[in-house]
Amino acid sequence: MLCSASPLPSPPAGGTAASDHHARLRAAAARSDLPGALAAFVAMSSSAPASAAGPVLRTFTSLLKLCAARSDLATGRTVHAQLATRGLVADALAATALANMYAKCRRPGDARRVFDRMPVRDRVAWNALVAGYARNGLAGAAMEMVVRMQEQDGERPDSVTLVSVLPACADAQALGACREVHAFAVRGGFDELVNVSTAILDVYCKCGAVEVARAVFNQMPVKNSVSWNAMIKGYAENGNSTEALALFKRMVGEGVDVTDVSILAALHACGELGFLDEGMRVHELLVRIGLDSNVSVMNALITMYCKCKRTDLAAQVFDELRYKTRISWNAMILGCAQNGRSDDAVRLFSRMQLENVKPDSFTLVSVIPALADISDPLQARWIHGYSIRMHLDQDVYVLTALIDMYAKCGRVGIARNLFNSARERHVITWNAMIHGYGSHGFGKVAVELFEEMKSTGRVPNETTFLSVLSACSHAGLVDEGRKYFSSMKEDYGLEPGMEHYGTIVDLLGRAGKLDEAWSFIQKMPIDPGISVYGAMLGACKLHKNVELAEESANRIFELGPEEGVYHVLLANIYANASMWKDVARVRTAMEKKGLQKSPGWSIVQLKNEIHTFYSGSTNHQQAKDIYARLAKLIDEIKAVGYVPDTDSIHDVEDDVKAQLLNTHSEKLAIAYGLIRTAPGTTIQIKKNLRVCNDCHNATKLISLVTGRKIIMRDIQRFHHFKDGKCSCGDYW
DNA sequence: GTAGGGTTAG
């Protein structure tokens, strides 16, 4: 059964046809022309007797190599069958090529079967199996094979073995195994080889030991582009984009060949750091070295510009891209969505479909948040149906985005149904659902879900805690919130971040425990940021505490906020206490710093249209009807006890104050919603700021006198108004 | 016949 590869069998007399086929096959294989090679192969096999004039082993192996490169399992199997009829499958060369083919076609089990039938296995065969397991995610098996090749066959691993098994160590996050391989490589002198040392430093990076990797890198006698790239990438992936970029610049400076991979890593780092100028320099460089024809590089360039908040520059690159891949579209859509350009994201998504580019889960995960932001229930339902038609609705990423979207469209019930029907749930899926409940004020349900999550063995992360803490805050669950905050570090070893501290201040502050909130801030192990003092300031407004408000505001102003909201908050707190001089002082300071208060707007969502209202806006087509309806509405709610809350307005007479209040954007939006919808229809409003006290109060009464349910999404959370009450329990 | 770095995600 054993067949030797050499000497080459000579063609039988008159077998010119067979050798012609053979020559054709060799030529096709050399051109990487698999169909051509296969055609010649089949012709040759049928025209010549299998025994004598059959193709020589080398043609088999080169054909198998081609199949492996193209993951063409069907052709690979044909070749396997031909080898079998000739009794060649036990040959070391053929079997190794076969095992390799199966491994590259994602059939490690078949690779193993071929391997097991080999009567004698040499080091190359072992190596092929190790590499096969490693590349198919079977890290444990790959490492085990390295042990067995030594124990079973007495084969010493060589450099190929090491380079093959190292990615498996990374996969398994096996730092210990990596150290072992490293030690072995040093003992055998393999670390002199650039590819071995590069693979070692790469695995150290992937196991989080970047500094060890750097030591290996520094000691390498010879480095090439791949070594530099692995090290740069290592820094970038371990959150050290600064060092990644520095190393990239050194690479350029030392004249090392910059490749597409180096550029990809550099762009990634620039994006992470938001370094637009550096990013543009990399852009120039990549054009100079002709990498602007490389789509992957251009896609990374789009992402870099988006991360630097320059969707305009990204769009320019995108538009000028001659060959766009699906990833180009995905990167651009995501960039728009993450820069608040939800409409553009949705428009691009439509264009993508017009141009017949098939979306994938990445596309949906990018466009669904944009639709969540737009909050149009009709479009929400449409994208859900679309995800189902594309068979992507059970993809965890997509599903999680859908849950989040439904919650943001005010449909927590649908979100929960999706959550329940999920075949697979990641931590983030739980987070989205918990956050959904919290934002709607269902703090108790959020807490129950959190408990269920823990009891089913899921490990919460920082975001889970943020969601559950914020849920507690919005529902006034102070004790639970305190408990979870300490559990974070004690039970899960998670270090609270600025946002967690801010949420606890919010929790305590809303509940009126201002002193406790203040001393909590004083004891923080990290320097409190604007968000923390901002939460404190909000609580001071709610509970009318001027003294602590001033303290908090002063800290905020020292930190240099970019928005005028904090000045406005402080001015309102002074106004409430009738401290008019202070009001004027804060206003002047705000103007001096050139800070502005963003104008408030509300949108009302009708069946398939969205209408935006600004405070006092009169440019709507039906403005007259709207103001008339609103006036009537105010009379109706006054009859059930509405008293305008003019606290937040000053400098003008009382009747003007009431007038100003009555033209708040949310009231206009509600009035329009009432005009345009049938009795009993739920009205859905979205507001860009926090809803004001007076509008909150008025909306409660409007829900009472009209018998309508009103769902209002403000910047903080959702309010469900029904029968004169709000789901937030007046606690927001 | 086996082999190092690699674009988009909640």
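Any value given below was found using the heavy atoms of this structure, including those in side chains, with hydrogens, waters and symmetry copies removed. All of these numbers come straight from a predicted model, not from anything done at the bench. The sequence lines fix the lettering, A, B, ..., with proteins before strands; numbering per chain opens at 1.
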*Asks:* Is A:Arg214 salt-bridged to A:Glu243, going by a charged N under 4.0 Å from an acidic O?
*Replies:*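 Counted as a salt bridge, because a side-chain N and a carboxylate O are separated by less than 4.0 Å.
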
*Asks:* Is the side chain of A:Asn238 donor-acceptor paired with the backbone N or O of A:Cys205 at a distance under 3.5 Å, no angle test?
*Replies:* yes

*Asks:* Which of these, A:Phe318, A:Tyr323, A:Phe362, sits in a ring-ring contact (aromatic ring centres under 6.0 Å, His included) with A:Trp329?
*Replies:*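 Checked A:Phe318, A:Tyr323, A:Phe362 against A:Trp329; only one passes ring-ring contact (aromatic ring centres under 6.0 Å, His included): A:Phe318.
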
*Asks:* Testing the 3.5 Å rule here: is there a donor-acceptor pair between the side chains of A:Ser296 and A:Asn299?
*Replies:* no

*Asks:* Examine the side chains of A:Ser328 and A:Thr325 and answer whether a donor and an acceptor come within less than 3.5 Å of each other.
*Replies:* yes

*Asks:* In terms of side-chain heavy atoms, does A:Asp158 have a donor or acceptor partner in A:Thr161 at a distance below 3.5 Å?
*Replies:*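 There is such a pair between these side chains.
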
*Asks:* For A:Glu155 and A:Trp126, indicate whether the former's side chain and the latter's backbone hold a donor-acceptor pair under 3.5 Å.
*Replies:* no

*Asks:* Just checking A:Asp360: base, sugar-phosphate only, or nothing, at a heavy-atom cut-off of under 4.0 Å?
*Replies:*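 No contact.
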
*Asks:* Would you mind classifying the nucleic acid contact of A:Arg135 as base, sugar-phosphate or nothing, using non-hydrogen atoms under 4.0 angstrom?
*Replies:* sugar-phosphate

*Asks:* Where does the angle between the aromatic ring planes of A:Phe184 and A:Phe190 fall among parallel (under 30°), tilted (30 to 60°) and perpendicular (over 60°)?
*Replies:* parallel

*Asks:* Under 4.0 Å between any heavy atoms, over every strand shown, what does A:Thr429 touch: base, sugar-phosphate, or nothing? Just pick one.
*Replies:*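 Base: the residue A:Thr429, judged by heavy atoms under 4.0 Å, touches a nucleobase.
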
*Asks:* Name the nucleic acid region contacted by A:Ser361, choosing base, sugar-phosphate or nothing; use a 4.0 angstrom heavy-atom cut-off, strictly under.
*Replies:*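 Base, at least one base heavy atom under 4.0 Å.
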
*Asks:* Which residues, if any, of residues 320-334 of chain A bring a heavy atom under 4.0 Å of DNA chain B?
*Replies:* A:Ile327, A:Asn330, A:Leu334

*Asks:* For A:Arg341, enumerate each residue passing the salt bridge (charged side-chain N to carboxylate O under 4.0 Å, His left out) test, keeping only those at least two apart in sequence or located in another chain.
*Replies:*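 If we apply the salt bridge (charged side-chain N to carboxylate O under 4.0 Å, His left out) test to A:Arg341, skipping adjacent residues, the hits are A:Asp344.
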
*Asks:* Give A:Val194 one of three labels, base, sugar-phosphate or nothing, depending on what nucleic acid heavy atoms sit under 4.0 Å from its own.
*Replies:* base

*Asks:* With no hydrogens and no angle check, is any side-chain donor or acceptor of A:Asn339 less than 3.5 Å from a backbone partner on A:Cys306?
*Replies:*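 Yes, A:Asn339 side chain to A:Cys306 backbone: donor-acceptor pair under 3.5 Å.
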
*Asks:* Give me the residues of residues 220-230 of chain A where at least one heavy atom lies under 4.0 Å from an atom of DNA chain B, by number, or none.
*Replies:* A:Asn224, A:Val226, A:Asn229

*Asks:* Taking any atom under 4.0 angstrom from a heavy atom of chain A, which nucleotides of DNA chain B are the first and last to qualify, 5' to 3'?
*Replies:*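 Answer, 5' to 3': B:dG1 to B:dG10.
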
*Asks:* Which is it for A:Leu286 and A:Asp292 under the side-chain contact (heavy atoms from CB on, under 4.5 Å) test, yes or no, and what are the steps along the way?
*Replies:* CA-CA 6 Å; A:Leu286 73 89; A:Asp292 52 345; 4.1 Å; yes

*Asks:* Under 4.0 angstrom, heavy atoms only, what part of the nucleic acid is A:Ala94 near: base, sugar-phosphate, or nothing?
*Replies:* nothing

*Asks:* Quick check on contacts: within residues 393-400 of chain A, what sits under 4.0 Å from DNA chain B by heavy-atom distance?
*Replies:*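 Heavy-atom cutoff 4.0 Å gives A:Val396, A:Tyr397, A:Thr400.
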
*Asks:* Quick one: does A:Arg425's side chain have a donor or acceptor within less than 3.5 Å of a partner on A:Trp430's backbone?
*Replies:*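 No, A:Arg425 side chain to A:Trp430 backbone: no donor-acceptor pair under 3.5 Å.
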
*Asks:* Looking at A:Phe115, is A:Arg121 sitting on its ring face, NZ or CZ under 6.0 Å from the six-membered ring centre and within 45 degrees of the normal?
*Replies:* yes

*Asks:* Using a heavy-atom cut-off of 4.0 Å across all strands, would you classify A:Asp404 as base, sugar-phosphate, or nothing?
*Replies:* nothing

*Asks:* Just to be sure I understand the rule, does A:Asn431 reach a base, reach only the sugar-phosphate, or reach nothing, if contact means heavy atoms closer than 4.0 Å?
*Replies:* nothing

*Asks:* I need the full list of ring pair (Phe, Tyr, Trp, His ring centres under 6.0 Å) pairs touching residues 153-172 of chain A, with sequence neighbours left out, sorted by first then second residue.
*Replies:*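 The answer is none; no pair qualifies.
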
*Asks:* Assign A:Thr259 to base, sugar-phosphate, or nothing according to its heavy-atom contacts below 4.0 angstrom with the strands shown.
*Replies:* base

